[in-house]
S.K.: 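Quick one: the structure is below, questions incoming.
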Protein chains: 2
Amino acid sequence: MTATPTPRVTIKEVAARAGVSKGAVSLAFNQKPGLSEATRDRIFRAARELGWAPSPTARTLAGSRVDVVGLAICRPARLLGLEPFYMEFVSGVESVLTEHSCSLLLRLVRSLEEEVGLQESWWRGRQIGGSILVDFRADDPRVATVERLGMPVVAVGHPSLTGSLTSVWTEDATAVTEAVRYLAALGHRRIARVGGAATLGHTSMRTAAFDEAARALELAGAWQVATDYSGEAGARATRSLLTAAAPDRPTAIVYDNDIMAVAGLAVAAEMGLSVPDDVSLLAWDDSQLCRITHPPLSAMSHDVHGFGAEAARTLFGVITGEGPGSHPVPTPVLTPRGSTAPPKV
Amino acid sequence: MTATPTPRVTIKEVAARAGVSKGAVSLAFNQKPGLSEATRDRIFRAARELGWAPSPTARTLAGSRVDVVGLAICRPARLLGLEPFYMEFVSGVESVLTEHSCSLLLRLVRSLEEEVGLQESWWRGRQIGGSILVDFRADDPRVATVERLGMPVVAVGHPSLTGSLTSVWTEDATAVTEAVRYLAALGHRRIARVGGAATLGHTSMRTAAFDEAARALELAGAWQVATDYSGEAGARATRSLLTAAAPDRPTAIVYDNDIMAVAGLAVAAEMGLSVPDDVSLLAWDDSQLCRITHPPLSAMSHDVHGFGAEAARTLFGVITGEGPGSHPVPTPVLTPRGSTAPPKV
DNA sequence: AATAGGGACTTTACCGGTTCAGAAAGCGCT
DNA sequence: AGCGCTTTCTGAACCGGTAAAGTCCCTATT
């Protein structure tokens, strides 16, 4: 407000210096036809000399596209800080946005309702050109809102959750099945899964897949517990799973993220259980974290950075008018490390 | 682009419905004097009925302030994904921005030069009302740029690095000294520190403070190694520190973040060393991560969320014209957990 | 020679607000 | 009645661009 003034150079100065009209400058900077090479050069030179670049604000107001995309993440701040997933995802998104000189408008929200309102006001206020929607749940209200607004978005979530929206997703069910089969192949008959937030769509899909796999493999024991993704919740879940007497407790646990797996590892150690001899642990998402524990965590690993990049690319597709589509991204693959082995008991 | 059209309602419709001019609507929405209560009410009612809110873009263009603040983070994406620090910091920033209905424009950059260019173009393009600058180094070029532009910013870093800019910072030197004193008080005479990126200003301040403390306490051994903050680097550093034969190796290690401390813990385990009996480990920044390991990590803990919030609050102060100032934030405090104890050797 | 067709620009009308110089109305006072 | 003051509200200019229509000139065609 009171900040010392900055000399603003506008399109008018550039036009004057190049000896043309504002319109000509606009044509040049939007690479539209109708200008001679010579004039074009003169304009660019003038702009360079003045250090001018078109004002995105004015451009937006005048009706051209907006070079900002929105991302609202709805999780308690406390949890977010720790989830490597989102930062990695964001960095993947950024890597693509940058190529298009596009920025990311990030907002942490506390509820889905708040997000719906935010997306709508972002869009109606022309603050963003499109949005990346994450954390879908069943009957997600964002689907209808976005359709009503005709707002370009990419939905990060399974097509069964994202309705008509263009989606980018991983085949979680397949991955869960693979995880369970792998543990069963090692000889485990009592397997548990420490899942994420129950409200989230992909959590319930994983839950269903786990049940299905357990039945198909005729496991002797199968447990599932929902958490909020935090390390504390993971620790708590692990502790309660492992307190059962030896013959009844699970010999392998699959986690829905890596933070909880790390916590689980610590709980096993604290209970005097050896990993992987007494219990095998399998993480999800596989950030760097899985490699720095002892033993290193086996994980269903997943190129989260690439996932974010693909989401951003797809969003650009939607913005430029590509029809709706479904973009599967590679299914997480099993990366065995030191935390999984045949049960010794 | 080709997205189905969204019916846009503008100030004109609101004015028409309330039976006043655009100007009146503007006055009402900016709580400026010159309107009767009755008219004001009529205008707000009309706006509510039409679901209208002023367009930030148009507002910005017309010269009022911008309700977006910028944050450019310069670290390789791979590392960012894992550093709990930034996500937590961002969530603290957001918590304050939200109260002011302000958004965060986030960008990951690859170099300081890129950041300087970005900040300048953000500011000149009126994309942001101000910026939060992080990761200061000695003779940081951003100081001069920002002064030249008269751009409101808050510098997250020690005043000795941030020149005339308003800063928010923690007294790192004091914290390092406290950490070393604590370990010395436990009886450790050979202490190492696994630091962060050497180019960063706060890293060199911590390095100097460590040297100073080691000398003052006449430690028998003091090591420091610089890393890139990654878990891998932390593991490597720890491994090389601990390979020395028993009498010569450090009995305590301080880390510059918690990721490296976790990695260090794993390395100790892998080398058959017990923590804290054979070696004590002390983490920094104390995210949730420190509590979920086994043993839980002692840490110099630090309210990173609050740090971010304070930075945002201070930025608002700068934007509204408060003079330059220096805002220290509480020094990290020692939180002893299970990873530190008197040396047994 | 008259006319059509382009190319190269310029003009002008917005986009959706803010702001500021008046205008109209109401009121108290001499 | 006439005058000055407020209070309340309007109209027009402006912010920095874009886009569509218009102007001018030069060449090719019939």
Side-chain angles (χ1 to χ4, degrees), chain A residues 1 5-44 46-47 50-68 121-127 129, chain B residues 1 5-44 46-47 50-68 121-127 129:
Chain A
M1 221 98 191
T6 309
R8 292 207 183 285
V9 23
T10 77
I11 197 173
K12 216 183 306 179
E13 277 90 328
V14 177
R17 180 175 250 261
V20 296
S21 67
K22 301 197 314 175
V25 178
S26 177
L27 289 181
F29 268 78
N30 294 346
Q31 33 238 36
K32 299 216 171 153
L35 288 185
S36 67
E37 267 316 304
T39 311
R40 220 172 270 275
D41 283 355
R42 218 153 13 95
I43 292 174
F44 283 126
L50 263 40
W52 177 82
S55 144
T57 311
R59 264 191 167 168
T60 298
L61 187 56
S64 50
R65 95 269 123 259
V66 188
D67 46 6
V68 173
S121 80
W122 270 351
W123 173 245
R124 310 231 306 182
R126 283 178 142 301
Q127 303 256 79
Chain B
M1 221 97 192
T6 308
R8 292 206 184 286
V9 25
T10 76
I11 198 174
K12 215 184 306 181
E13 277 90 329
V14 176
R17 180 175 249 261
V20 296
S21 67
K22 301 196 313 175
V25 178
S26 177
L27 290 182
F29 268 77
N30 293 344
Q31 33 238 40
K32 298 216 170 155
L35 287 184
S36 68
E37 268 316 304
T39 313
R40 222 172 269 275
D41 283 355
R42 215 150 19 92
I43 292 175
F44 283 125
L50 262 40
W52 177 82
S55 145
T57 310
R59 265 190 164 168
T60 298
L61 187 56
S64 48
R65 95 272 120 250
V66 187
D67 46 6
V68 174
S121 81
W122 269 351
W123 173 246
R124 310 230 308 183
R126 282 177 142 299
Q127 303 255 78

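Just so it is clear, the structure is predicted and the values come from calculations on it, not from any experiment. Quick note on labels: first sequence line is chain A, next is B, and so on, each numbered from 1.
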S.K.: State the OG1-CG distance between B:Thr60 and A:Leu61, to the nearest 0.5 angstrom.
M.R.: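 Output value for this atom pair is 9.5 Å.
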S.K.: Answer whether the closest heavy-atom distance between the side chains of A:Arg124 and B:Val9 falls below 4.5 Å.
M.R.: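 Yes. Closest side-chain heavy atoms under 4.5 Å.
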S.K.: Quick one: side chain to side chain donor-acceptor pair (under 3.5 Å) pairs with a partner in residues 19-33 of chain A, sequence neighbours left out?
M.R.: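 Residue pairs with at least one partner in residues 19-33 of chain A: A:Asn30-A:Arg59.
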S.K.: Go through DNA chain D in 5' to 3' direction and return only the first and the last nucleotide with some atom under 4.0 Å of chain A's heavy atoms.
M.R.: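 The contact span of chain A on DNA chain D goes from D:dG16 to D:dA19.
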S.K.: Nearest 0.5 Å, please: how far is OG in B:Ser55 from CD in A:Gln127?
M.R.: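 Result: 7.5 Å between the selected atoms.
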S.K.: Could you give the distance from CD1 (B:Ile43) to CD1 (B:Ile11), rounded to the nearest 0.5 Å?
M.R.: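 Nearest 0.5 Å value for the CD1-CD1 distance: 9.0 Å.
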S.K.: In Å and rounded to the nearest 0.5 Å, what is the CZ to CH2 distance from B:Phe29 to B:Trp52?
M.R.: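 Answer rounded to 0.5 Å: 5.0 Å.
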S.K.: Can you give me the bend angle of the helix from C:dA1-D:dT30 to C:dT30-D:dA1? Use the axis through the first five pairs and the one through the last five, nearest 10 degrees.
M.R.: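 Here the helix ends are tilted 70° relative to one another.
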S.K.: Holding to side-chain hydrogen bond (donor to acceptor under 3.5 Å, both in side chains), I want the full list of residues that pass it with B:Ser36, two or more places apart in sequence or in another chain.
M.R.: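 For B:Ser36 the side-chain hydrogen bond (donor to acceptor under 3.5 Å, both in side chains) partners, ignoring immediate neighbours, are B:Thr39.
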S.K.: Please list, chain by chain and in numerical order, all residues satisfying salt bridge (charged side-chain N to carboxylate O under 4.0 Å, His left out) with A:Arg17, sequence neighbours excluded.
M.R.: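 So A:Arg17 forms a salt bridge (charged side-chain N to carboxylate O under 4.0 Å, His left out) with A:Glu49.
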S.K.: Once you round to the nearest 0.5 Å, how far does CZ of A:Arg126 lie from OG1 of A:Thr57?
M.R.: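 Here the interatomic distance stands at 12.5 Å.
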S.K.: Where is the tightest heavy-atom contact between A:Glu13 and A:Thr10, given as atom of each residue plus distance?
M.R.: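 Minimum heavy-atom separation between A:Glu13 and A:Thr10: OE1-OG1, 2.7 Å.
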S.K.: Across nucleotides 9-19 of chain C, 5' to 3', mark each nucleotide with B, S or - according to how protein heavy atoms within less than 4.0 Å reach it.
M.R.: BBB---BBBBB
